[in-house]
Amino acid sequence: MVAKRVVPKNKASVVKNIAYEPQVIERKWQAKWEKDKLYRSVIDNSKPKHYALTMLPYTSGDLHFGHWYPMAPSDARARFKRMNGYNVLFPIGFDAFGLPAENAAIKRGIHPKTWTYKNIDNMRRQLKTMGNMFDWSREAITADPEYYRWTEWFFIQLFKQGLAYRKMSAVDWCPSCNTTLAREQVVGENRVCERCGTPVIKKDLEQWFFKATKYADELLNFDEIDWPERVKTLQTNWIGRSEGASVIFKTEAGEPIEIFTTRPDTLWGATFMVFAPEHPLVDKVTTPQQKAAIEAYKAQAARQSDIERESADKEKTGVFTGGYAINPVNNERIPIWIADYVLMSYGTGAIMAVPAHDERDFAFARKYNLPIIPVIQPVGTSHDSPLQAAYVGAGVMVNSGPFNGTRVNTEKGRKNPGISAVIDWLAQQGIGKEAVNYRYRDWLISRQRYWGAPIPMIYCDKHGWTPVPEDQLPVLLPDDVEWKPTGESPLKLHPTWKNTTCPVCGEHAVRETDTMDTFMCSSWYHLRYLSPHYDKAPFDPKEYDYWMPVDTYTGGIEHANMHLLYTRFFHKALRDAGIVEGNEPMMQLRNQGIILGEDNEKMSKSRGNVVAPDELVGQFGADALRTYLMFAYRWQEGGPWNSQGIDGTARWLRRVWTLFTDHTPAGAASDETKKNLRRRVHQTLKRVTRDFENFEFNTIISSLMELLNEMYKAREAGAAGSPEWNEASEIYLKMLAPVAPHIAEELWTNQLGKTYSIHQQSWPKVDEDAAKEDMIELPVQVNGKVRDRIVVPAEASEDEIKSAALASENVKKFLEGKEPKKIIVAQKRLVSVVV
RNA sequence: GCCGAAGUGGCGGAACAGGCAGACGCGCACGACUCAAAAUCGUGUUCCUUCGGGAUUGAGGGUUCGAUUCCCUCCUUCGGCACCA
């Protein structure tokens, strides 16, 4: 039908057939917006602010779907917020330090700085093709000295707060990246490097740590932030808080040993102790007779990889030390063993073993013939037959001195009456106290690499570690460095760089040659965006006061236990140092899913299933790609790419173009047609507004597609040229503007002839009256099956609806003459007749 | 093993107070236009059917006049943690 309208072969039809050439209009508007500084965000106290942040890209050199998918919809929402009266800040920058730059240097002899900044130039160009409302004047690059000067400064502030310290310990080491890693950066059951996938090994090294565990409890509190449950769960599990008691056991060798247990109620059943093989007390408690066996076991445990050691189904092994401890609750003499199922890295590295009520201890006791004494008896049982398995359920305490008869349930910590009572008693007796243990570890920050922010510390033989004086920051990375994958920091091999003087005594001293984990750089980038060139502090307080905190943060969930946890810790540490305010940096978080290849596998060059956004932009335009990414998936889920799917949104945008460029003469539509059009427009506006708030981009696009179809029909019915038509056109383009900013601007400014720019217009207001239906169609069910539909006025009473329903021929037929028992009119949405 | 998320046509998905299952789009089929193709436009498209209707939201059960939606049991997929004392 529409085609017919275009058919008349007069001159008008030639004029109206302007081709939609996205590449032309997109470039044109991007240039104009930039020239007009349309997206420059300036403090304006007359408006509410909205800080929309999307995770900054790493400078890999090429912009892929992993960037487009989170960024384009985030941009649409930022634009929506802006049209809704907010002064919006939507900044961008580059996470520019890191290993790939150094690898490029090793492999191809390109300086990491050259490689990185060349990549940034390309990515900046690619980012601009997206048409986002980024405020480029606030661009921050973490590898710029004016940026990392403050990364170093923050390190010093944390050091001054007692939150940065050095410790010798067995740390995770990636043999491919040749550096240590934080615990979070070792992933999966094979314990591989998060960056390169190589299995990590343990090394005993002295490294810098941040005391993140100080904030463990606070990090478990999400009351102030609107973050997805998934992320909160991941972080909660990662921190791994467990409640119980710490108890001190004396050893016959003299040194007391503290253990942590979540089951103090089973203390009377502790029949032996187990130390981790690496435990420092092992040598003290070992008797001369057992020494050889113990040494052999220790050596074997040290040889084994963590994966071998930590696999749960492995049969438990251990060796008796010959030494004994005294169970403080009943003064029983219990043997001390070592076994590799006890880990030095959790708790105190030693446990009390209660074989009757712990599966691991049970297996161990069985194997080595150690006594098993039940101290929790299931209620209603009394038999004394030997346990066939550890009993971990509820019951009554037995063989437990003063606590015999005390009830124990399956709750943890203080919620369990048995545990609670024993904790109080231990404290009273002075042999133990309530304790909380975490799986969470302090953040290992040292990296044995060149391309990172130097750790601004100086070591002097006399004065130990001292921070570089703040007026000497930044400690600049030297350019003339040799990159060799030696496992030593390249800065260490530099002939002169590390030599300096001690800030305390002025004598010769050396710089720290390790650099910082790049997650340190990204822990505060949202603050640097506020004033990227400010040189008196990491950020301009005026900008901070206006823009912070981040209102909406978007990015991938893969960083739940890394960046998203680090940045929360960092904020709290800065708060305690008096640098920032509030308890949380980012108030609302939303995670997008992942776009997979067409084969439903992760996109990767080796699989050959990579789709390049650049090519799609060349073929369909940025608007079509943006809208397809919003339309095709639940944004928070993602899914496989479908190369034909983008035709759908490209077609839709062409139809939009056709409708707005085809100057149909005014017709004589009926009042009803016009009223219906207006109703659909306002109903759509209502839905689109709601969906923008909720990050439901797919239904925004489908609503706009539906409305376009309605507009085509209304035009056929002669609505063009009417006030209702003009209102529909305006509202349509305004709703389109956030999702497809270029075509909306072109049609608004050059076709409708409205005031430039559409992106500075206000979001339209819903006219609730116009959105209301006059007549409503209700399905009528008889015994739960839809048998007919009736049309009644929207304001019809329940009784009127009931009689209309019963009057229906089809309903009568299915009633088969029987009297209805009940007629339910449900919220004016459905009539249910029950026989 | 523990914790979390999710299962709806050939495909992506919609249904936002428990109330018409399958909106919107992809694909497909047929038709119009064309010498032809592309583009565009139109019609149809969950399955079965004796054309009355029946079945159907991973499976089974429950609550309800009514369940994709709430409850219970189970299955599958994905993600995280995992000898954590």
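The sequence lines fix the lettering, A, B, ..., with proteins before strands; numbering per chain opens at 1. Nothing here was measured: the structure is a model prediction, and the numbers come from that model.
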Measure from [atom1] on [X] to [atom2] on [N] and round the result to the nearest Å.
X	N	atom1	atom2	value
A/Arg829	B/rA67	CZ	C1'	14 Å
A/Ile336	B/rA85	CD1	C1'	16 Å
A/Ile823	B/rG66	CD1	P	16 Å
A/Phe695	B/rG13	CZ	C1'	20 Å

Would you measure the distance from the [atom1] atom in [N] across to the matching atom in [M] and give it in whole Å?
N	M	atom1	value
B/rG58	B/rU77	C1'	11 Å
B/rG66	B/rU56	P	14 Å
B/rU57	B/rA14	C1'	12 Å
B/rA15	B/rA23	C1'	8 Å
B/rC26	B/rU46	P	16 Å
B/rC11	B/rC3	P	32 Å
B/rA38	B/rC30	P	13 Å
B/rA21	B/rA67	C1'	11 Å

Roughly how far, to the nearest 0.5 Å, is CD1 of A/Ile431 from CG of A/Leu267?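 The CD1 atom of A/Ile431 is 7.5 Å from CG of A/Leu267, to the nearest 0.5 Å.
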
Could you give the distance from CD1 (A/Ile700) to CZ (A/Arg687), rounded to the nearest 0.5 Å?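 Taking CD1 in A/Ile700 and CZ in A/Arg687, the distance rounds to 11.5 Å.
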
Return no unless some side-chain N or O of A/Lys785 is found under 4.0 Å from OP1 or OP2 of B/rC65.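 Result: no.
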
When you check the phosphate oxygens OP1 and OP2 of B/rA85, does a side-chain N or O of A/Arg360 lie under 4.0 Å from one of them?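 It does not, given that no N or O in the side chain of A/Arg360 lies less than 4.0 Å from OP1 or OP2 of B/rA85.
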
